Every structure is written in structure tokens, then in C-alpha cells.
Asker: 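Structure in C-alpha cells, see below.
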Amino acid sequence: MEPEEAVRQLEYAIDASLDDIGQRAAAGYRPTFERVADRADGTAVYELASRLSASVVDGDRPSPAAANRQAERVLDDRAFTDGGE
């Protein structure tokens, strides 16, 4: 998954779950997705988007800092399970 696609996925989740400011809120995650894409691959970006979307569906709107922490967990999990390759 490309970072832009991940942002769109979150826009849809935010729009469906919370209110009409989803587009602006989701765009704030783009640097996080780009960093994950640079350090891993599309699978890791997809995993991060899925985790953040699940939070949104549960009624939360993760801050960019919370998204960064979640990104680090995804990257750490990935490095542990497949050697980061």
C-alpha cells in the first residue's frame, strides 16, 4: 500500500465514523506513512493504516504523535517477525 492510499483509507474511516473534518485529520498522518514506507514496504503501511482505522472505528482519533508510536510498533513487530526484510 502506498502512503497516499493509506491516507485515503483513513479519510474514509474518519468520515464514516466521526465527522466531516476527516480529510484534514487524515492528511496529518501522511509523513508517518511515508516514513513507514521508506523503512519497510507496502505491507507495513497497510498494517499501520489498519490499526489506525480500527482506532477510528472505535471512536478514537489518534494524534500524529500516537500514529507515530503505532508506526514504531508496526516497524518493531515487522523487524521481529521477518528480520526487517
Side-chain angles (χ1 to χ4, degrees):
M1 175 180 280
E2 295 295 319
E4 296 80 20
E5 295 172 79
V7 169
R8 275 195 303 276
Q9 180 179 341
L10 279 176
E11 287 173 355
Y12 299 144
I14 290 169
D15 286 346
S17 301
L18 300 172
D19 56 30
D20 62 353
I21 64 166
Q23 189 171 29
R24 284 182 303 207
Y29 301 126
R30 181 170 282 123
T32 302
F33 287 122
E34 289 172 348
R35 183 169 49 82
V36 170
D38 287 344
R39 291 179 53 191
D41 62 10
T43 304
V45 173
Y46 180 80
E47 176 64 25
L48 176 59
S50 296
R51 291 181 186 194
L52 293 175
S53 293
S55 293
V56 170
V57 169
D58 288 343
D60 187 25
R61 183 179 298 146
S63 68
N68 283 327
R69 288 189 298 274
Q70 191 66 253
E72 288 304 316
R73 285 193 283 280
V74 167
L75 291 169
D76 289 346
D77 290 349
R78 186 153 170 78
F80 180 74
T81 58
D82 68 4
E85 297 176 13

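Computed from a predicted model, the values in this text were never measured in an experiment.
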Asker: If I compare all heavy atoms of Pro64 with all of Thr32, which pair ends up nearest, and what's the gap?
Answerer: O-OG1, 4.5 Å

Asker: Which heavy atom of Leu48 sits nearest a heavy atom of Ala67, and at what distance?
Answerer: CD1-O, 4.1 Å

Asker: Using atom types as modelled and distance alone, determine if a side-chain donor or acceptor of Tyr29 lies under 3.5 Å from a backbone N or O of Ala49.
Answerer: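 Side chain of Tyr29 to backbone of Ala49, a donor-acceptor pair under 3.5 Å: no, none is there.
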
Asker: Under 4.5 Å between any side-chain heavy atoms of Glu47 and Gln70, yes or no?
Answerer: no

Asker: Would you check, one step at a time, whether the test side-chain contact (heavy atoms from CB on, under 4.5 Å) holds for Arg35 with Asn68?
Answerer: CA-CA 9 Å; Arg35 183 169 49 82; Asn68 283 327; 2.9 Å; yes

Asker: Show your working on side-chain contact (heavy atoms from CB on, under 4.5 Å) between Glu2 and Val45 and close with a plain yes or no.
Answerer: CA-CA 7 Å; Glu2 295 295 319; Val45 173; over 6 Å; no

Asker: Using side-chain heavy atoms (C-beta onward) and a distance below 4.5 Å, is Arg73 in contact with Asp76?
Answerer: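 Not touching, per the 4.5 Å side-chain cut-off.
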
Asker: Got a donor-acceptor contact below 3.5 angstrom from the Asp58 side chain to the Asp60 backbone?
Answerer: no

Asker: Locate the shortest heavy-atom distance separating Ala40 from Leu75; write the atom from each residue and the value.
Answerer: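 Taking Ala40 first and Leu75 second, the nearest heavy atoms are CB-CD2, 3.7 Å.
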
Asker: Applying side chain to side chain contact (heavy atoms under 4.5 Å, CB included), can you list everything that pairs with Pro3, at least two apart in sequence or on another chain?
Answerer: Phe33, Glu34, Ala37

